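Residue numbers count from 1 along this sequence. Model, not experiment: these values are computed from the prediction. As a basis for the values below, the full set of heavy atoms in this structure was taken, side chains included, without hydrogen atoms, waters or symmetry mates.
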Amino acid sequence: MTRPMPEMSMRDAREVLGVTSAATPAEVRQAFREAARRAHPDAGGDAGAFRQVVDAYQRLQDPETFTAPPVRPRPSPDPDLEISPRLALEGGDVDHRFPDGRIIRISLPPGLRSGDKVLAGGAELCVYVRAHDGVLVRGDDLWLTAKVSAATLKKGGRITLETPLGPRSVWIDRKAAERGLVRLEDEGLPARGRRPKGHMFIRLTAAPGLADSAAMALLRRFAAAWAA
C-alpha cells in the first residue's frame, strides 16, 4: 500500500539542500544537483536520503501552492513507518496506525536507517527516517545547519549549538570554516548490524548581523590590545 508523504516544511526543505531563504532559483537548482549526486544510490548514497532531496527540491519550487509530493511506489507493499532522526538515533516507542484503523505501539531499537524492516502487528514495516527540526539523516550520518557570524565563517572560532545529542560546543578551524562544513566523529547514528557508527556533519552558513562568538570576540580584543 502507498500513501502520500506529509508536507515538508520550507525550513526542512532548505536544510536538506543546504540553502538559505535568500537563495536564488539558480542556487537552489545547483544545490539540488549536488545533493542528489551525493545521495543517489548508484553513487553509494541512500535511497531514503535521495527521496528527501527530491522532496525538498519540489517543496522549494512552488511554496505557495505545494501540498504534497506526488505519490510514488514504495519498495515494500506494506505501510511505511516514518520516524524522526531523534528516534532513529536513540530508539524508543512510537504509535503506528495501520490502514485498517488499528493503532499499535512499537518499541524501536536505536540505530534504524531508512530501508530497514520492522516486524509489528503481523506486518513487515519499511522504515523511513524523515527530516525533522532541521536534522537530516543520510545513510549513517546526521546532517544539520548552523548559522554563524561572517567572521567565524571566514576565520573559524568556537560556537555552541543544539544537536540531536544535546548542546555541543564546537571548535571550527580555518579549514572547516573555508569549506563551510564541520564533521564530528562518531556522533551520528549508532552502529547496528553491519552498519558502522555514523558521524555528524554541520553545514556552516553566514547569518548577516550575527555577532562573533565569545572566543572570537576575546581574540579580537587581545589582538587590539597587543597592537596598542
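- Within the 4.5 Å cutoff, the side chain of Gln52 has no heavy atoms near those of the Phe50 side chain.
- Taken to the nearest 0.5 Å, the CD atom of Gln30 stands 11.5 Å off from the CG atom of Leu17.
- When every heavy atom of Gly115 is checked against every heavy atom of Cys126, the shortest pair comes out as CA-SG, 4.0 Å.
- Between Glu185 and Lys197 there is no salt bridge, since no side-chain N of the basic residue sits under 4.0 Å from a carboxylate O of the acidic one.
- When all heavy atoms of Ile103 and Arg97 are compared, the closest pair comes out as CD1-NH2, 3.2 Å.
- Taking 4.5 Å as the limit, every side-chain heavy atom of Val170 sits out of range of all side-chain heavy atoms of Thr160.
- Residues Gly157 and Thr152 share a closest heavy-atom pair of N-CG2, 4.2 Å.
- Summarising the geometry, atom CH2 belonging to Trp143 is positioned 10.0 Å from atom CZ belonging to Arg183; distances are rounded to the nearest 0.5 Å.
- For Arg174, the side chain to side chain contact (heavy atoms under 4.5 Å, CB included) criterion is met by Lys155, Glu178, not counting sequence neighbours.
- Shown here are the side-chain hydrogen bond (donor to acceptor under 3.5 Å, both in side chains) partners of Arg113, two or more places apart in sequence or in another chain: Asp140.
- At least one side-chain heavy atom of Val94 sits less than 4.5 Å from a side-chain heavy atom of Leu108.
- A distance of 6.0 Å separates NZ in Lys147 from OG1 in Thr205, rounded to the nearest 0.5 Å.
- With His96 as the partner, the side chain to side chain contact (heavy atoms under 4.5 Å, CB included) test is satisfied by one option alone out of Ile83, Val118, Leu125: Leu125.
- For His199 against Asp141, the heavy-atom pair with the smallest separation is N-OD1, 2.8 Å.
- With contacts defined as side-chain heavy-atom distances shorter than 4.5 Å, the pair Pro164/Leu142 qualifies.
- In this structure, Asp116 CG and Arg192 CZ are separated by 5.0 Å, a value rounded to the nearest 0.5 Å.
- Here the side chains of Leu112 and Val129 are not in contact, with every heavy-atom distance at 4.5 Å or above.
- Separating the CG atom in Leu189 from the CE atom in Met200 is a distance of 9.5 Å, to the nearest 0.5 Å.
- Minimum interatomic distance between Val16 and Arg203 (heavy atoms only, all atoms of both residues): O-NH2, 3.2 Å.
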Worksheet item: Between Tyr128 and Leu81, is a side chain to side chain contact (heavy atoms under 4.5 Å, CB included) present by the stated rule, with each step listed?
Response: CA-CA 6 Å; Tyr128 172 67; Leu81 178 64; over 6 Å; no

Practice prompt. For the pair Met10 and Arg59, evaluate side chain to side chain contact (heavy atoms under 4.5 Å, CB included) and give the outcome as yes or no after the intermediate values.
Written response: CA-CA 7 Å; Met10 291 291 291; Arg59 178 68 177 100; 3.4 Å; yes

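- Taking the side chain as every heavy atom from C-beta outward, Phe98 and Ile104 approach each other to under 4.5 Å.
- Within the 4.5 Å cutoff, side-chain heavy atoms of Pro167 are placed close to those of Glu162.
- Contact record, Val135 with Pro85: O-CG, 3.5 Å, taken as the closest heavy-atom pair.
- Taking the side chain as every heavy atom from C-beta outward, Phe201 and Val182 never approach each other to under 4.5 Å.
- Residue pairs meeting the salt bridge (Lys or Arg N to Asp or Glu O under 4.0 Å) criterion with at least one member in residues 16-35, sequence neighbours excluded, do not occur.
- Asp100 and Arg102 are joined by a salt bridge, as a carboxylate oxygen and a charged side-chain nitrogen come within less than 4.0 angstrom of each other.
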Worksheet item: Stepwise, does the side chain to side chain contact (heavy atoms under 4.5 Å, CB included) test hold for Leu60 with Arg14?
Response: CA-CA 8 Å; Leu60 295 176; Arg14 287 193 290 265; 3.9 Å; yes

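- Separating the CG atom in Leu204 from the OG1 atom in Thr145 is a distance of 8.5 Å, to the nearest 0.5 Å.
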